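Numbered from 1 within each chain, the chains take letters A, B, ... in sequence-line order. Since this is a predicted model, take the numbers as computed values, not measurements.
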Amino acid sequence: MKQKLESLLLLAVNTLKEEAILASDLSPKISIERARDQQYGDFATNLAMMLAKPAKMNPRQLAEKLIAAIPSDDAVLKVEIAGPGFINFFIDPNAQYQIISHIHEQGAKYGLSDFGQGKKVQVEFVSANPTGPLHVGHGRGAAYGSAVADLLSAVGFEVEREYYVNDAGRQMDILATSIWLRYLEECGEVFTFPINGYKGDYIREIAVAIHKESSNEYRHPQELVFEDIHLDEPQGGDKELHIDGLIDRAKTLLGKTLYRDIFQSGLDDILSDIRQDLSEFGVDYQQWFSERQLMDDGSIDEALKRLRDAGHIYEKEGALWFASSELGDEKDRVVVRDNGQSTYFASDIAYHMNKLDRGFDQIINIWGADHHGYVPRVRAAMQALGADDKKLTVLLVQFAVLYRGEERVQMSTRSGSFVTLRQLRQETGADAARFFYVMRKSEQHMDFDLKLATSKTNENPVFYVQYAHARICSVLRQLDEKSLQRDSALGHENLAMLTESQEVALLSRLARYPEILERAATHYEPHQLINYLRELAAEFHSYYNAHQFIIEDAKLCNARLNLICAVKQVLSNGLKLLKISTPETM
RNA sequence: GCGCUUGUAGCUCAGCUGGAUAGAGCAUCGGCCUUCUAAGCCGAGGGUCACAGGUUCGACUCCUGUCAAGCGCACCA
């Protein structure tokens, strides 16, 4: 419909050009909007106001001439000038009714499009370090990332969802060492657990499992373990030196193979937990990409070689530096430390090189907002690798600040004191959790009140939308109970009887769904879909309270049933896209 | 100090590429169940869109500055 109006307006503009009212070199961008209010018709354009200046005319006068030049069309009932010079279009309701049969024909496919033309898009999200279970902070990234991916795929992009597994580096060594120490405690060794170790219960569980399987294979007396280790912080030492000493001790006492065993069982255990957690949350990945693989298969060396060949690498103070400041970063970055170890950033360069090599048209990284300072250096790396950094989109998700009522909840993975995503799901249900996370713009700071979200009663808008769906199902059940049959053909013939204000509003709302999907997808804003569903539900509830559907007049009854079935279909399509359930009773 | 993000009703937030009288939910107040689920509906009150300039026919929206909040400025990941 929008396109139709656009072409009509274009014809009008051309006519005015021929009449020399408008300069012939003028090629205005015609924009058609949905009218905000029914009194302004269905669609509106600001074209006259845009052209007023170049045409040196009063906008309203120009609007009159434009309207006169618009060819008549069956679908357009009338065209009006309003306000400072808006041109409002009133669409023939008969044209609007078609949307209902269209929705019934399309069913679950209604709203999907091939807008993306099969372009390959990779969405990488969550990618939390596998050092512990996901907490509620990761939940937002998970819900947002998967919603963005699902939206893109709904509008015709070929989407690959990926989790980057940081299975290398110091944090993982701390994890392995923490597990080993807990294991030693299981064996009966007595010592003070390092302040910088991971203290969560899950560490002990992993240790217990290892102990059960292998008994004392990894055991060493604590005197040997702690001999000559730098003191921990409470003893007046340095917690970082203390833990690093213990890591080295674990590696030497255990040897490469046994240390790797512990490391690996910790990683496997936690990663499979994360995988299951996400899957239960409706988040599934096509790819789990290992950082260690990049190190092992020489990708990092290859990436650094490419940077060096392109002249972006130099040596200083025993370390290798990437000259990222020449490419928009605020300073240069170390890629290989003076001890010969490559940095996390070096892995990331290799990782993005790998992404580029896989031939994606678009790479989307979803990061926590605390990583925003990291964006320029990754862009710099992409440019240095000879790639177009426009292929990269980084979407930042602000942290959800947790409250329990008025009180702010402090969280730390290290100390093991945090609310896990799993706990949240169990308390609120996955539906409410997803809805809540995605309801807000991603870059908006978000207060997540656990008390509110876990209070299962009212207040949670997810119920509002689901309730609309359940109500429609209930109406259809009533038909059965009254031994009535829905006659959709009869309804179809009588759609023109739908003239109540709520009915007209619903028709226009239903027709908007595909536009909303496209906009939500291309702007990476799933909350727009949520808002749409809330509005659709609100209009339905309003309709429900104002009018009866199951009535004596079979024609009107079936017309209304066709309408609410279309509403049910769209609610269902939208909720399913967001991986939120569509209950038939509540 | 520099950078990124944010600032809209008492609270939590929407506001589509700049458009017509800035909207919802919660909270407050008043109505609606002998009729398809009251987890609902109808109505009322509540706003200097942080502040000050600028661009524009038109600014919550774009630009500049100020103020405030969060985050980031490692040879950590």
Side-chain angles (χ1 to χ4, degrees), chain A residues 29 31 33-37 39-40 44-46 49-50 52-53 58-59 82-86 88 128-129 131 166 168-172 174 240 291 316-321 330-331 333-345 347-348 368-376 396 398-399 401 439-441 443-449 452 456-464 466-468 470-479 481-482 512 515-516 519-520 523 525 527-528 530-532 534-535 537-538 540-551 560-561 564 585-586:
Chain A
K29 196 181 142 214
S31 82
E33 297 175 3
R34 293 218 173 240
R36 299 227 163 149
D37 197 305
Q39 64 169 305
Y40 301 126
T45 182
N46 58 358
M49 282 157 355
M50 304 280 286
K53 200 167 192 183
N58 169 319
F86 287 101
N88 292 337
N129 282 353
T131 52
N166 295 124
R170 181 163 175 266
Q171 294 308 316
M172 289 305 295
I174 296 178
E240 303 295 343
E291 179 188 359
K316 191 179 89 181
E317 293 160 5
L320 286 186
W321 296 70
E330 56 182 15
K331 56 177 117 170
R333 309 289 174 179
V334 171
V335 286
V336 180
R337 280 172 257 182
D338 53 10
N339 66 8
Q341 267 199 311
S342 59
T343 59
Y344 174 82
F345 180 45
S347 299
D348 240 10
D370 55 337
H371 285 72
H372 64 76
Y374 206 75
V375 179
L396 299 173
Q398 286 290 344
F399 278 149
V401 180
M439 205 166 66
R440 308 272 152 83
K441 264 196 307 226
E443 65 273 31
Q444 177 71 254
H445 298 104
M446 175 170 141
D447 289 348
F448 201 134
D449 186 344
L452 203 82
K456 207 158 176 169
T457 48
N458 44 18
E459 291 172 12
N460 214 325
V462 65
F463 294 121
Y464 185 79
Q466 289 179 321
Y467 185 45
R471 263 186 158 173
I472 297 171
C473 293
S474 172
V475 171
L476 298 177
R477 274 195 305 276
Q478 285 289 316
L479 274 184
E481 283 169 28
K482 293 182 179 166
R512 293 193 65 173
E515 293 167 33
I516 294 290
R519 203 171 71 217
H523 292 239
E525 291 184 340
H527 75 274
Q528 298 216 26
I530 297 249
N531 286 342
Y532 171 84
R534 292 172 77 172
E535 283 159 4
F540 169 75
H541 285 310
S542 186
Y543 183 33
Y544 181 95
N545 276 273
H547 301 285
Q548 194 82 11
F549 308 140
I550 302 175
I551 46 175
R560 286 181 171 173
L561 290 176
I564 66 169
T585 58
M586 284 177 79

Is there a Watson-Crick or G-U wobble partner for B:C67 with both distances under 3.5 Å, and which nucleotide is it?
-> B:G7
Below 4.0 angstrom from OP1 or OP2 of B:C36, is there any side-chain N or O of A:Arg560?
-> no
Under 4.0 angstrom between A:Ser542 side-chain N/O and B:C42 OP1 or OP2 = yes
Do A:Arg519 and B:C16 share a donor-acceptor pair, side chain to base, under 3.5 Å?
-> yes
Is a donor-acceptor contact shorter than 3.5 angstrom present between the side chain of A:His372 and the base of B:G3?
-> yes
C1' atoms of B:A27 and B:A74, separation to the nearest Å | 47 Å
Hey, what's the ring geometry for A:Tyr374 with A:Phe345, parallel, tilted or perpendicular (30° and 60° as the breaks)?
-> perpendicular
Heavy atoms only, 4.0 Å cut-off, all strands: where does [X] land among base, sugar-phosphate and nothing?
X	result
A:Ala82	base
A:Asp348	nothing
A:Glu317	base
A:Asp338	base

Is the Lys NZ or Arg CZ of A:Arg471 less than 6.0 Å from the centre of A:Tyr544's six-membered ring, within 45° of the axis?
-> yes
Say whether, by atom type as modelled, one donor and one acceptor occur between the side chain of A:His541 and the main chain of A:Tyr467 under 3.5 angstrom.
-> no
Looking at the side chain of A:Tyr374, which of B:A14, B:G72, B:A77 is the nearest nucleotide?
-> B:A77
